[in-house]
S.K.: 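Dropping a structure here in structure tokens format, bear with me for questions.
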Amino acid sequence: MLVYLTAECCGYPISIFFIVVNEFCERFSYYGMRAVLVLYFRYFLLWDDDLATSIYHAFVALCYLTPILGAIIADSWLGKFKTIIYLSIVYAIGQVTMAISTIHDITDANRDGTPDNFTFHIALSMLGLILIALGTGGIKPCVAAFGGDQFQEHQSRQLNTFFSVFYLCINAGSLLSTLITPVLRAQECGIHTQQQCYPLAFGVPAVLMVISLVVFIAGSGMYVKTDPEGNIMWSVCKCIGFAIKNRFRHRSSSYPKREHWMDWANEKYDKLLIAQIKMVLKVLFLYIPLPMFWTLFDQKVSICHFSGLLGGLPDQMQTVNPILILTLVPIMDRLIFPLIQKCGLNFSPLKRMTVGMLFAAMAFVSAALVQIEIDKTLPNFPSSSESQLKVVNTYSTTLNVTISPNEHLLIESFGVQLHTSKHTYSTISCMFVNGYTADLNITNLDSIEPSATTNYTLVNQGKRDFVLRHGEQWCEFSRKFGFGASYTFLIPSTVFSDDCESITEVEDMKPNSVHMALQIPQYFLITTGEVMFSVTGLQFSYSQAPKNMKSVLQAGWLCTNAVGNIIVLIVAELGKLPKQWAEYLLFASLLVAVSIIFSIMAYFYTYIDPAEIEAQVRKEQGLEPEEMEKETLEMEEKDEDQKNEQGVKQTKI
Ligand SMILES: CC(C)C[C@H](NC(=O)[C@@H](N)Cc1ccccc1)C(=O)O
């Protein structure tokens, strides 16, 4: 037996320092790259919105599916230490490849600032992303489990704190990179022409991944390293296969029942392996309802988009979650959980996870309430049996418009009339209406022909300046924009003679009057839910796994996230309920239902100490006779005899 003497600091193994720093750098690398990925697709590769978001989601889903591969490699073949090193190298190569693919000068032969060979950049970036997905997902279940392996039996309290610190590092890394990489992208760089600096935005995450690898290797001499016990996953599969086959062979009621269906593998497989498989299966069964939590969690960011509360700030919203995690984890760990314990309540891990789910459900109820308030401020949209018509009068006097048979609209010169009628006309919307006699150029918009309109264009909140141009003539005007609002600008023929003064502004949709602060409870609730659910889940998966399958159970835990992500994509495809708030309430109710199911399952779950069970099985194996095996063999012989007898009878007939 290998005994490790680990160096300690304040009761913690020193090797942990290298592991948490490694995690911080790795998460910086991952989230930093992710923060600018869609921008790269949209503005460098010039993909449309749909393609960019589809490839982005496919990449994220792949990152959450590869942990299974990493766990199999670690537990069955290379061990966690070597798996982390090899897959980190793959990961770093992926990040460097990705950074190289963003250098426009490589293919910009005509030096116009855009790449000439998009196929080259696309191929390189796709290769980079595949390597990154393999690396980041592959090492994910191994790093947490490897961290746990560093603790001795007497350090169980420190082990729990480790998982909280580990989670803090994940979020510190993601917070910093989400803030920094978009700023790096906004810089200008290039050899021949100056462009937005994607190489820097992707290069810094690549450097952080190399640092992460170097830090991990630096701790090499201090780690507790456990070698895999042969191809464990293959043995597990064979053992489960045999148990099923054996159970089927002995389905007659004449055979005595066994406590667990896996006991049907007793004849051929080691009792220790069977006991370990039982532990893993029990936990995996418990995980079945959990993807629902992640489905809601992953939808959380979309709440902000759809509610329109934070219309222009999706980038910043990405930082709210890690900021709250950094504050809530210490509060929970140091204050709330000890307080609950002091009150004599047993707040076991599975109870925490259930409460975490309920918090997430409450977040969605809160989102629904905010949405109802927002809906009150929105204009009345036409129902399915109505359509809307907007008429803009650019004529010099008031006009009377008749809509057959007998509806009338009176529109002043340069006025707008919105009219709703049953089954008449379809909605016409615009941003700028050109009443000038010639083409006009407006800053950041294509030129507009006379009497034509532009599409609605998204503008940032606050005061914005516009410059109108036609040949040598120009004028400038400014307007203030509120979130969620929509405006139409009517440009008259006199626009240049009165220096843009005569431009008429029409407010099509009012700005949001619902305060942004109403968003805070949702975020607070869902992040409290995340701390209770996710940090506890990480600890639970480690503590309930047998020694030789720690990474596998971590991968199982991460799989709940992958399935949650896939459900989000399916739900998005299936479409939405007509009322946003109803959709939020539906999700909240589903999660409450799932948490009730989970709490029932949790009630029947008995916490185990895998090391104790393993020791007990070993002891039993040495002392007890194989009663059950003998019994089965006897029954099999009887069965065989019966069959032979029948065979003899049949031939006689
Ligand atoms: C354990 C989880 C499956 C993934 C974990 N994620 C987090 O810790 C998130 N709080 C990070 C985050 C950052 C920005 C916006 C939303 C979420 C991880 O990355 O390991």
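What you see is a predicted model, and the numbers here were worked out from it, not measured in a lab. In each ligand, atom 1 is the first atom listed, and ligand 1 is the first ligand listed.
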S.K.: Would you say ligand 1 has an N or O under 3.5 Å from any N or O of K140?
M.R.: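 Yes; the residue has a nitrogen or oxygen that sits under 3.5 Å from a nitrogen or oxygen of the ligand.
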S.K.: If you measure only the distance, is there a donor-acceptor pair under 3.5 Å linking the side chains of T102 and Y40?
M.R.: no
S.K.: Below 4.0 angstrom, N of the basic side chain to O of the carboxylate: do K550 and D149 qualify?
M.R.: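 No.
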S.K.: Regarding Y56 and R34, is there a side-chain donor-to-acceptor distance under 3.5 Å anywhere?
M.R.: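 A pair is found: one side chain offers a donor N or O, the other an acceptor, under 3.5 Å apart.
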S.K.: Report yes if N321 has an N/O atom closer than 3.5 Å to an N/O atom of ligand 1; otherwise report no.
M.R.: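 In this structure, N321 places an N or O atom under 3.5 Å from an N or O of ligand 1.
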S.K.: Quick one: does Y167 get within less than 4.0 Å of ligand 1, heavy atoms only?
M.R.: yes
S.K.: Crowded around Y605 OH? As in, over 12 foreign heavy atoms under 6.0 Å?
M.R.: yes
S.K.: Before signing off on this row, confirm whether E23 and ligand 1 have an N or O atom pair separated by under 3.5 Å.
M.R.: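 Checking ligand 1 against E23, no N or O pair falls under 3.5 Å apart.
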S.K.: Run the numbers for me: atoms of ligand 1, each under 4.0 Å from some heavy atom of N561, listed by number.
M.R.: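 Here the atoms of ligand 1 in question are 3 (C).
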S.K.: Any side-chain donor-acceptor pair under 3.5 Å between Q150 and S15?
M.R.: yes
S.K.: Which of the numbered atoms in ligand 1 are below 4.0 angstrom from a heavy atom of S534?
M.R.: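 By the 4.0 Å cutoff, the relevant atoms are 1 (C).
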S.K.: Assess the pair F81 and F216: is the distance between their ring centroids shorter than 6.0 Å?
M.R.: yes
S.K.: Checking the N or O distance criterion of under 3.5 Å, is ligand 1 in contact with W294?
M.R.: no
S.K.: Is the CH2 atom of W77 crowded by more than 12 outside heavy atoms at less than 6.0 Å?
M.R.: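 Atom CH2 in W77 is not packed in, count stays at 12 or less.
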S.K.: Closer than 4.0 Å to some heavy atom of S174 - which atoms of ligand 1 meet that?
M.R.: 13 (C)
S.K.: Are the aromatic ring centres of Y167 and F163 under 6.0 angstrom apart?
M.R.: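 No, they do not, as the ring centres are separated by 6.0 Å or more.
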S.K.: Using heavy-atom distances, let me know which of F297, F533, Y31 sits nearest atom 19 (O) of ligand 1.
M.R.: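 Looking at heavy atoms only, the winner is Y31.
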S.K.: What atoms of ligand 1 come within less than 4.0 Å of a heavy atom belonging to E530?
M.R.: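 That gives atoms 7 (C), 8 (O), 9 (C), 10 (N) of ligand 1.
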S.K.: Before we go on, tell me: are the rings of Y287 and F285 under 6.0 Å apart, centre to centre?
M.R.: no
S.K.: At under 4.0 Å between heavy atoms, which part of N171 makes contact with ligand 1: side chain, backbone, both or neither?
M.R.: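 N171 to ligand 1: side-chain contact only, backbone stays beyond 4.0 Å.
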S.K.: Do R27 and ligand 1 have an N or O pair less than 3.5 Å apart?
M.R.: yes
S.K.: Using a strict 4.0 Å cut-off to heavy atoms of I170, name the atoms of ligand 1 that fall inside it.
M.R.: 8 (O), 18 (C), 19 (O), 20 (O)
